[in-house]
Amino acid sequence: MGFLRLLWARPTVLLIGLAIGVVIGLNLAPDTVSPPPPPAVAAAIPKTPVEVGRTSKAPLIAATPASPDVRLQLTKLAMSGRTLNVGVFGDSLGDGVWAALYRDLHGDKGFNVIRLSQVSTGLSRYNYVDVQQKTVGQLAARHIDIAVFMFGANDQQGIVQDGKIYPFGTDGWKVAYGHRVDNLVNTLRQQGAVVYWLGLPKMESHRFDNGASLINAVLAQHMAALGVEFLPTVALTSDENGDYSAYLAETGSKTKKLMRANDGIHMSMAGYLRIAAPAAGAIRRDLASAAPPAQIAPAPVTAPGAVTMPPSAADARP
């Protein structure tokens, strides 16, 4: 009781005692807890797109026709008479295009649709997946006659090249991105493939849509220079006012169908069929127009009043 009375009368004594005990305990306790590791330093690459305009009302990009050299290659493919390998390259959007083209073209005995796309890839971060090297390896394993590309879902970030960082949307980024696009197209052409490139669709986020418009502009410019047919998809994925809408009416119908995924970037299966249809149509159209007309023997020309005699036995001799 005397000790309690002392503490009650002098609370400072209790506080001093507790402090001394804590210090002694810390010194005597074993060091069993390791310090946390230092936080990882993130790469100095901007992951958000820069603003390229205050509005998402970007001008529509016209389709690019194929060059004469491509027409010649199409003629060779049309005359081959064999099943053509259609390779679909891209990211997660390209994966959906592959599924749509498989449904559209694979039923035709003239096409074998091959999935060469991979989710979570792109043309900006070759330090993660080098798409160029991956494509070279894929072509070494199989021959591709027709290539369909769709990249861009993951490309609104900086490019690291030759020890330099080019933030998304800058002139340096456009040059580096275009160089990678050119390399892919030329790699396929060296194997004799005909290339088609699909543009990015309308995006729900205005900021992401502005970035997609920038990528589409770079792609359209390089496809025109390369003579590759560029197939824009913005008009196909916009409503009657040119705005984003998850529900769109199918051609020839007023009934609207869900075309987009919840993220406002990807498509539903109906949406992928919608944006892949121009590629399937272009492939069929180009092969049909490149095929030479059937050789038909001309009818014999006879003078008026003349009688055409059947061939004699002598005529049939070798």
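Excluded from the calculations below are hydrogen atoms, water molecules and symmetry mates; all remaining heavy atoms, backbone and side chain alike, are included.
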J.: Counting N and O atoms only, with roles assigned by atom type, does the side chain of Thr170 sit under 3.5 Å from a partner on the main chain of Tyr166, one being a donor and the other an acceptor?
T.: no
J.: Would Met150 end up clustered with Val218 when hydrophobic side chains under 4.5 Å apart are linked, directly or stepwise?
T.: yes
J.: Does a side-chain heavy-atom distance below 4.5 Å link Leu139 with Gln190?
T.: no
J.: Can you tell me how far CG of Asp108 sits from NE2 of His106, rounded to the nearest 0.5 angstrom?
T.: 10.5 Å
J.: State the CZ-CE distance between Phe149 and Met223, to the nearest 0.5 angstrom.
T.: 8.5 Å
J.: Quick one: closest heavy-atom pair of Gln161 and Ala176, and the distance?
T.: OE1-CB, 3.9 Å
J.: Are more than 12 heavy atoms from other residues, nucleotides or ligands located less than 6.0 Å from atom NE2 of His179?
T.: no
J.: Look up atom CZ in Arg125 and atom CG in Asn154, then write down how far apart they are to the nearest 0.5 Å.
T.: 10.5 Å
J.: Answer with yes or no whether the hydrophobic clustering places Val185 together with Ile114; edges join I, L, V, M, F, W, Y residues whose side-chain heavy atoms lie under 4.5 Å apart.
T.: yes
J.: Would you mind reporting whether Leu77 and Val194 have side-chain heavy atoms less than 4.5 Å apart?
T.: yes
J.: Write down the atom of Ser117, the atom of Asp95, and the distance for their closest heavy-atom approach.
T.: OG-OD1, 2.7 Å
J.: Parallel, tilted or perpendicular: which one describes the rings of Tyr177 and Trp173, with boundaries at 30° and 60°?
T.: parallel
J.: So, for Asp209 and Lys202, which heavy atoms are closest and what is the spacing to 0.1 Å?
T.: OD2-NZ, 3.2 Å
J.: Would you indicate whether the side-chain heavy atoms of Lys134 and Thr121 approach each other to under 4.5 Å?
T.: no
J.: Taking Gln157 for its side chain and Ser124 for its backbone only, find out whether a donor-acceptor pair lies under 3.5 Å.
T.: no
J.: Run the side-chain contact (heavy atoms from CB on, under 4.5 Å) test on Thr83 and Lys109 for me, step by step, so that the C-alpha distance in whole Å, both residues' side-chain angles and the decisive distance to 0.1 Å come before the verdict.
T.: CA-CA 7 Å; Thr83 300; Lys109 295 181 180 179; 5.8 Å; no
J.: Can you see whether Asn85 engages His143 through a side-chain donor-acceptor pair at a distance of less than 3.5 angstrom?
T.: no
J.: Nearest heavy-atom pair of His266 and Ser92: which atoms, and what distance?
T.: NE2-OG, 2.6 Å
J.: Tell me whether Leu287 shares a hydrophobic cluster with Val86, the cluster being built from Ile, Leu, Val, Met, Phe, Trp, Tyr side chains joined at under 4.5 Å.
T.: yes
J.: Do the side chain of Thr233 and the main chain of Gly199 share a donor and acceptor less than 3.5 angstrom apart?
T.: yes
J.: Counting distance only, does the side-chain N/O of Asp155 pair as donor-acceptor with the main-chain N or O of Leu123 below 3.5 Å?
T.: yes
J.: Strictly distance-based, threshold 3.5 Å: is any side-chain N or O of Ser253 a donor or acceptor partner for the main-chain N or O of Glu250?
T.: no
J.: If I compare all heavy atoms of Leu93 with all of Leu200, which pair ends up nearest, and what's the gap?
T.: CD1-CD2, 3.6 Å
J.: Return the OG1 to CG distance between Thr187 and Asp182, rounded to the nearest 0.5 Å.
T.: 10.5 Å
J.: Could you tell me whether the side chain of Asp243 and the main chain of Asp239 form a donor-acceptor pair under 3.5 Å?
T.: no
J.: Would you mind reporting whether Phe151 and Leu219 have side-chain heavy atoms less than 4.5 Å apart?
T.: no
J.: Return yes if some donor-acceptor pair links the side-chain N/O of Asp130 with the main-chain N/O of Tyr126 below 3.5 Å, else return no.
T.: no
J.: Tell me whether Gln138 contacts the main-chain N or O of Leu116 through its side chain, where contact means a donor paired with an acceptor under 3.5 Å.
T.: yes
J.: Show the numbers, then the answer: is there a side-chain contact (heavy atoms from CB on, under 4.5 Å) between Leu214 and Lys174?
T.: CA-CA 9 Å; Leu214 186 149; Lys174 295 176 184 178; 4.2 Å; yes
J.: Quick one: list whatever passes salt bridge (Lys or Arg N to Asp or Glu O under 4.0 Å) with Arg284, sequence neighbours left out.
T.: Asp104
J.: Counting N and O atoms only, with roles assigned by atom type, does the side chain of Asp91 sit under 3.5 Å from a partner on the main chain of Ala153, one being a donor and the other an acceptor?
T.: yes
J.: Going from OH on Tyr196 to CD1 on Ile283, what distance comes out if it is rounded to the nearest 0.5 angstrom?
T.: 5.5 Å
J.: Can you check whether Val160 reaches Asn127 side chain to side chain, under 4.5 Å on heavy atoms?
T.: no
J.: Show me the side-chain donor-acceptor pairs of residues 269-277 shorter than 3.5 Å, one per line, residues at least two apart or across chains.
T.:
residue	atom	partner	partner atom	Å
Arg274	NE	Leu236	O	2.6
Arg274	NH1	Ala249	O	3.1
Arg274	NH2	Leu236	O	3.4
Arg274	NH2	Ala249	O	3.4

J.: Looking only at non-hydrogen atoms, find the nearest pair between Thr237 and Arg260 and report the distance.
T.: CB-NH1, 3.8 Å
J.: Please report the interatomic distance CZ(Arg115) to CZ(Phe89), rounded to the nearest 0.5 Å.
T.: 12.5 Å
J.: Check the hydrophobic clustering (I, L, V, M, F, W, Y; side-chain heavy atoms under 4.5 Å; chains of links allowed) and say if Val228 and Val88 are grouped together.
T.: yes
J.: Treating Asp162 as the side-chain partner and Lys164 as the backbone partner, does any N or O pair qualify as donor plus acceptor under 3.5 Å?
T.: no
J.: Indicate if Leu184 and Ile144 have the same hydrophobic cluster label, given that clusters are the connected sets of ILVMFWY residues with side-chain heavy-atom separations under 4.5 angstrom.
T.: yes
